[in-house]
> 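Input: one structure, supplied below.
In this chain, residues are counted from 1 in sequence order. All values derive from a computational prediction rather than experimental measurement. The figures here come from the full heavy-atom set of this structure, side chains too, leaving out hydrogens, waters and symmetry mates.
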Amino acid sequence: MAPATKKILKWSILILLLAYVAGITVWARFEADRHIIRGITISMENGKGLSDTITTRGIKASLMKYPQKIVGVPANTVNTLDIERYLMKINNFEDVKCYVSSAGELKVTICPMIPEMRVFDGNQSYYVNKAGKRINSNAEFYADVPIVSGHFTKNFRPESILPVIRFVNSDEKLKEIVGMFEARGPRDIILIPRIAGHVINFGDTTRLKEKRAALLTAYHKIIPYKGWEEYDTISVKFRGQIVATRRNKAPRFPIEVYEEEIDPEEQALPNDSVREVQQPLTPEQKAARKAAAEKPKTAQGASTSNPT
């Protein structure tokens, strides 16, 4: 084949390719203009611990507040990157991906942050994930996680008590007992049982297995005999000790024990006359009886000392 013919053939192929690309571009634009967004489909990745139904409903509610209309508009007018940035501002997701399918649906795939607890700190309420990041407590993104009340600071962060929460949740017995948590300080983490009436001071995040054993000992060997209403606080924070605080804080005086005294006159009586057990005498009764016993002796002594 002559060089000139080869050159013409190459240019012809190049022109055909450019024409094909241009045709495809025009067709795609035409198809995009012709297709409209028919709906929104939402899926979650790694959403364990979250309510799929409530979270999906929350995302759709947020998209309804998006500045531009989404459903019912041409697909080429929807900016998927802008929708991703909009959803990421909610601060409840690790990542968001959006694209328009060939069926005309907006596909939204989210990777949510997994909260480990919900904190109530005064008027504030928020979720905390495993890394300690706070997540907005929007009602649309509800998660069934342990509830913690307390006041947290820079030196006492919510994530610092996560070891206790994870330990309780991983133990079937403790999980059945504990209803929520209260953080009074780094060394006073309180477990609030589902049975109202007392609280459990678990101390800090150390020696958790030892504290569990002490608590179960109190539940099995102490409280059943003392009664569930006897104590308002059971503390297992100290090594080798179970400290229980009584609900009634009124001081308890020692019980005074009275010993029964046998009167000499009663002792001289026949045995058949002393069968009924006498009640212990009070100090006043003892004094009166002693005075009565000494009075005749004094009178007798007075008569012998003054002869007539």
> Is any side-chain heavy atom of F202 closer than 4.5 Å to one of I190?
no

> Treating N129 as the side-chain partner and G132 as the backbone partner, does any N or O pair qualify as donor plus acceptor under 3.5 Å?
yes

> Should I192 and L215 be counted in the same cluster of Ile, Leu, Val, Met, Phe, Trp and Tyr side chains packed under 4.5 Å apart?
no

> Please check if the side chain of S160 supplies one atom and the backbone of F156 the other of a donor-acceptor pair under 3.5 Å.
no

> If hydrophobic clusters are built from ILVMFWY residues whose side chains come within less than 4.5 Å, do V199 and I147 share one?
yes

> Does a side chain donor of either H198 or D232 reach within less than 3.5 Å of an acceptor in the other side chain?
no

> Tell me yes or no: between the side chains of T153 and N155, is some donor less than 3.5 Å from an acceptor?
no

> For F152, does its backbone N or O pair with a side-chain atom of D121 as donor and acceptor, under 3.5 Å?
yes

> Contact between L87 and L63 at the side-chain level, heavy atoms closer than 4.5 Å - yes or no?
yes

> What is the minimum heavy-atom distance between S125 and S137, and which atoms define it?
O-OG, 2.6 Å

> Which atom names give the shortest non-hydrogen contact between L208 and D204, and what distance separates them?
CD2-O, 4.2 Å

> Working to the nearest 0.5 Å, report the span between CD1 of I165 and OG1 of T205.
11.5 Å

> Identify the heavy atoms of P224 and A218 that sit nearest to each other, and give their distance.
CD-O, 4.0 Å

> I want to check something: taking the side chain as every heavy atom from C-beta on, are D188 and K237 in contact at a cut-off of under 4.5 Å?
yes

> Does the side-chain contact (heavy atoms from CB on, under 4.5 Å) test come out yes or no for M117 and V119, once each step is laid out?
CA-CA 6 Å; M117 62 181 178; V119 175; 4.2 Å; yes

> What's the separation between atom CD1 in I161 and atom CZ in F167, rounded to the nearest 0.5 Å?
15.0 Å

> Backbone N or O of R207 within a donor-acceptor pair of the R239 side chain at under 3.5 Å?
no

> Would you say the side-chain atoms of E182 and S149 include a donor-acceptor pair closer than 3.5 Å?
no

> Under 3.5 Å, is there a donor-acceptor pair between the side chain of S235 and the main chain of V243?
no

> Using the side-chain contact (heavy atoms from CB on, under 4.5 Å) rule, take Y66 and D82 through it: C-alpha gap first, then chi angles, then the decisive distance, then the call.
CA-CA 10 Å; Y66 185 67; D82 189 64; 2.4 Å; yes

> Give, for atom OH of Y99 and atom OG1 of T109, the distance between the pair rounded to the nearest 0.5 Å.
6.0 Å

> According to a 4.5 Å side-chain heavy-atom criterion applied to Ile, Leu, Val, Met, Phe, Trp and Tyr, with indirect links allowed, do Y126 and V148 form part of one hydrophobic cluster?
yes

> Could you tell me the separation between the CD1 atom of I189 and the CG atom of N201, rounded to the nearest 0.5 Å?
9.0 Å

> Using side-chain heavy atoms (C-beta onward) and a distance below 4.5 Å, is D95 in contact with I110?
no

> Between CD1 of I40 and SG of C98, what distance do you get to the nearest 0.5 Å?
9.0 Å

> Just verifying a value: how many Å separate S43 OG and K97 NZ, rounded to the nearest 0.5 Å?
13.0 Å

> Are L162 and E116 close enough that some pair of their side-chain heavy atoms sits under 4.5 Å apart?
yes

> If you measure from the Lys or Arg side-chain nitrogens to the Asp or Glu carboxylate oxygens, is any gap between R212 and D171 under 4.0 Å?
yes

> Do I36 and V73 make a side-chain contact, defined as non-hydrogen atoms from C-beta onward lying under 4.5 Å apart?
no

> Give the intermediate values and the outcome of side-chain contact (heavy atoms from CB on, under 4.5 Å) for residues V108 and T41.
CA-CA 6 Å; V108 181; T41 302; over 6 Å; no

> Is there a path from I37 to Y86 through hydrophobic residues (I, L, V, M, F, W, Y) whose side chains come within less than 4.5 Å of each other?
yes

> Check this for me: does any side-chain nitrogen of one of R38 and E105 sit under 4.0 Å from a carboxylate oxygen of the other?
no

> Tell me, please, whether Y127 has R118 positioned over its six-membered ring: NZ or CZ under 6.0 Å from the ring centre and within 45 degrees of its axis?
yes

> Give a yes or no on whether I195 atom CD1 has more than 12 heavy-atom contacts from other residues, nucleotides or ligands under 6.0 Å away.
no

> Do side-chain atoms of R194 reach the backbone of V178 as a donor and acceptor pair under 3.5 angstrom?
yes

> Quick one: are L216 and K173 in side-chain contact, heavy atoms under 4.5 Å?
yes

> For the residue pair R246 and Y231, would you count it as a cation-pi contact if the rule is NZ or CZ under 6.0 angstrom from the ring centre and within 45 degrees of the ring axis?
no

> Find out if a path of hydrophobic residues (ILVMFWY) with successive side-chain heavy-atom gaps under 4.5 Å connects V71 to I83.
yes

> Counting C-beta onward and ignoring hydrogens, is there a side-chain heavy-atom pair between K211 and T206 closer than 4.5 Å?
yes

> Assess whether side-chain contact (heavy atoms from CB on, under 4.5 Å) is satisfied between F93 and I59, documenting all intermediate values.
CA-CA 11 Å; F93 310 122; I59 296 171; 3.9 Å; yes

